[in-house]
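To start, the structure under review is shown below, and the notes come after it.
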Amino acid sequence: MPARIALVPDAHGRGGRLHRLTEQGEPVGAPLRTAELAATVAELEAAEHPRWVWAAAESGYAPLLPALPRRLGRCHDLRLVEALLLAHEGRWGAPRSLGAAVARLRGLPVPADLPEAGPSEVQDTLFAPDRLQLPPGIDPLTAVLEVHADQQRRLRAIEGDEARSRFRLLVAAESAGALAAAEMAEDGLPWRTELHDRLLTELLGPRPHIPGTQPARLAELSVRLQQALGGKPFNPDSHTQVLRAFAEQGVRLTSTRVWELREVDHPAAELMIRYKELSRIHAAHGWAWQDAWVRGGRFRPEYVVGGVVSGRWASRGGGALQIPRILRRAVVADPGWRLVVADAAQLEPRVLAALSGDTALARTAAGGDLYQALAATAFQGDRDKAKLGLLGAMYGQTSGDIATLLATLRQRYPTAMGYVEAAARTGEEGGIVTSRLGRPCPPPSDAWLDQADSAAEPGGEGGEQGGRSTRARGRFTRNFVIQASAADWALALLAALRRRLAELQGPGGRPHLVFFQHDEVVVHSPAAMAEQVAATVTAAAEEASRLVFGASPVQFPMSTAVVECYADAK
DNA sequence: AAGTAACGCGCC
DNA sequence: AAAGGGCGCGTTACTT
């Protein structure tokens with residue numbers, strides 16, 4: 001039975017073409033044409049459970065979703081895999097569209113990737129540019145077959161059995177992420193506009209009738225600020241004007257950051273902090289945001305799989321990954337439904353323990369609260385110190401009182417600390433580090449070189465340890481191995497979870513993922529199934545740990561809550 | 001008028 | 001002496 005099916009939607013209408021493939025990418029039989037692509041795909045999914053091969057989920061999957069009775073199980077997303085392979089091959093600048101990939105294969109001029117679509121373009125699929133970027137005269141299905149076969153060849157050519165099988169796992173997990181991202185964009189996060197409204201009104205005053213006007217509470221704070229700073233009018237949103245206003249009262253600030261304002265002994269400082277808090281909510285997540293991003297009781301952000309070099313996701317529009325905690329009050333399950341909110345407890349230090357094979361740290365990571373356990377063994381029970389020290393080790397921080405904490409960690413956990421320090425050295429020397437599954441970091445870039453120029457050691461002490469930019473890259477690679485391996489794990493979790501959720505079906509409906517944020521998932525579930533979903537999340541986390549880290553003794557516990565309102569989780 | 005830099009804050 | 005990883009996004013200030 002053929003393992004894969006390539007799929008290409010028609011440029012117009014609901015039809016498309018398909019072609020069965022072997023695992024290696026050789027076409028089997030003749031191509032199929034259908035006038036109802038979604039229906040045909042659904043039939044083939046039920047009968048053959050293939051791995052679907054498409055140019056990109058945006059064009060190959062998202063348009064089918066509304067008409068598909070069930071979600072698809074597996075895919076190979078050519079654009080995401082192309083990006084992974086190009087990075088693996090060290091070709092960082094190269095475009096990754098289907099058209100670019102096929103042009104490279106045929107020795108044609110390689111088209112640049114299109115800039116990412118804005119929200120207006122997303123709505124307007126009819127006139128959306130053809131994002132496949134195919135060179136003229138090349139049939140899209142032919143291109144899919146050629147590029148897929150080439151990618152399978154490149155995957156087979158990866159040196160080392162272990163490295164190759166890990167990278168294949170990465171390819172599968174990244175592709176599963178494409179499925180999950182498209183599905184979450186389709187389903188949306190339950191969002192109660194009336195609760196959001198009420199919250200905004202409590203904080204800011206009623207919604208201004210005239211758009212662009214300041215809400216009452218902000219206007220009032222502006223006035224009080226002005227009075228507290230000598231009465232001269234100034235714009236509290238302008239850094240320069242704020243600095244000047246404070247300076248005229250004899251308060252010299254180097255910035256308008258909140259932490260700096262907190263240390264200022266002047267009545268205006270507190271007002272300024274409050275103003276910044278509220279104006280941020282108004283500007284970033286106020287009524288304008290709601291109008292733009294919430295429709296039909298759902299917040300529908302657009303996720304960008306692999307949008308961060310570490311493999312973390314990014315989002316486009318709506319700031320999906322930066323929703324302030326206070327706004328979680330507006331995220332409420334539908335009647336008769338629950339939100340199962342689960343996050344991996346202290347994911348990154350556990351990843352460090354598993355990555356480095358530090359058995360002492362792994363033992364510490366066996367129980368519930370890793371920082372507490374670490375504090376008990378190494379920091380006389382001081383949890384804050386333990387946390388600060390470990391985070392410092394993972395981020396490359398060396399300031400303040402961190403040094404003694406780091407020394408303690410180095411002594412207790414030489415293997416783990418040696419691992420991050422080796423990664424930092426590799427980075428400082430200009431080398432490449434990779435995640436557990438083989439996602440590589442970018443090479444030293446102009447950004448780091450520029451930083452070297454602009455920061456050219458004004459102290460003049462000369463760099464026996466190298467310059468600021470060298471150390472910055474060391475911090476980057478030090479953190480990369482952990483952040484990117486945590487992203488590997490999170491992708492594996494997501495893949496395992498969506499597969500397991502697809503097997504659950506209750507009378508009230510089917511539980512589905514509605515949110516994913518680095519180390520946290522939210523599942524919208526019929527109330528009667530919520531506990532089962534919680535157990536499924538735990539099982540998925542165990543599967544992810546086994547897949548990514550093999551037989552490591554490190555545990556990756558999920559802290560899970562079943563709630564109606566997102567704000568009530570933890 | 002439109003694009004870019006800098007700032008500063010939200011999330012992990 | 002100081003030295004903290006990754007993003008998105010909205011604002012002002014400045015450049016072209």
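If you're wondering where the values come from, they're calculated on a predicted model, not measured in any experiment.
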Side-chain atoms of Q397(A) come closest, of dC7(C), dA13(C), dG4(C), to dG4(C)
Under 6.0 Å between the ring centres of W289(A) and F299(A)? yes
What's [X] touching, base or sugar-phosphate or nothing? Going by heavy atoms closer than 4.0 Å.
X	result
G392(A)	nothing
S310(A)	nothing
N235(A)	sugar-phosphate
G307(A)	nothing

Nucleotide [N], atom [atom2] - distance to [atom1] of [X] in whole Å:
X	N	atom1	atom2	answer
W293(A)	dC9(C)	CH2	C1'	11 Å
Q241(A)	dT11(C)	CD	P	15 Å
E302(A)	dC9(C)	CD	P	10 Å
I402(A)	dG4(C)	CD1	C1'	9 Å
W289(A)	dT11(C)	CH2	P	15 Å
R244(A)	dA13(C)	CZ	C1'	12 Å

Please give the distance between the P atoms of dA3(C) and dC7(B) as a whole number of Å. 16 Å
When you measure from the side chain of [X] to the backbone N and O of [Y], does any donor-acceptor pair fall under 3.5 Å?
X	Y	result
H196(A)	R328(A)	no
R383(A)	F379(A)	no
S238(A)	N235(A)	no

With sugar-phosphate taken as primed atoms, P, OP1 and OP2 and all else as base, the protein-contact string of nucleotides 2-12 of chain B at under 4.0 Å (heavy atoms; B, S, -) is -----BBBBBB
Output for pair (H524(A) NE2, M184(A) CE), nearest 0.5 Å, gives 14.5 Å
task = Tell me whether the OP1 or OP2 atom of dG8(C) has a side-chain N or O from S315(A) closer than 4.0 Å.
result = no
* Can you find a side chain N or O atom of R471(A) that sits less than 4.0 Å from OP1 or OP2 on dA3(C)? -> no
Note to self: Checking E260(A) against T254(A): is there a side-chain donor and acceptor pair closer than 3.5 Å?
What the structure shows: yes
The complete set of salt bridge (charged side-chain N to carboxylate O under 4.0 Å, His left out) pairs with one or both residues in residues 348-358 of chain A, sequence neighbours excluded, reads R312(A)-E348(A)
inquiry  = Using a strict threshold of under 4.0 Å (side-chain N to carboxylate O), is an ion pair present between E202(A) and R329(A)?
reply    = yes
Only one of L189(A), V522(A), V562(A) passes side-chain contact (heavy atoms from CB on, under 4.5 Å) with L339(A), and that residue is V522(A)
Residues of residues 262-275 of chain A with a heavy atom under 4.0 Å from any atom of DNA chain C, listed by number, are none
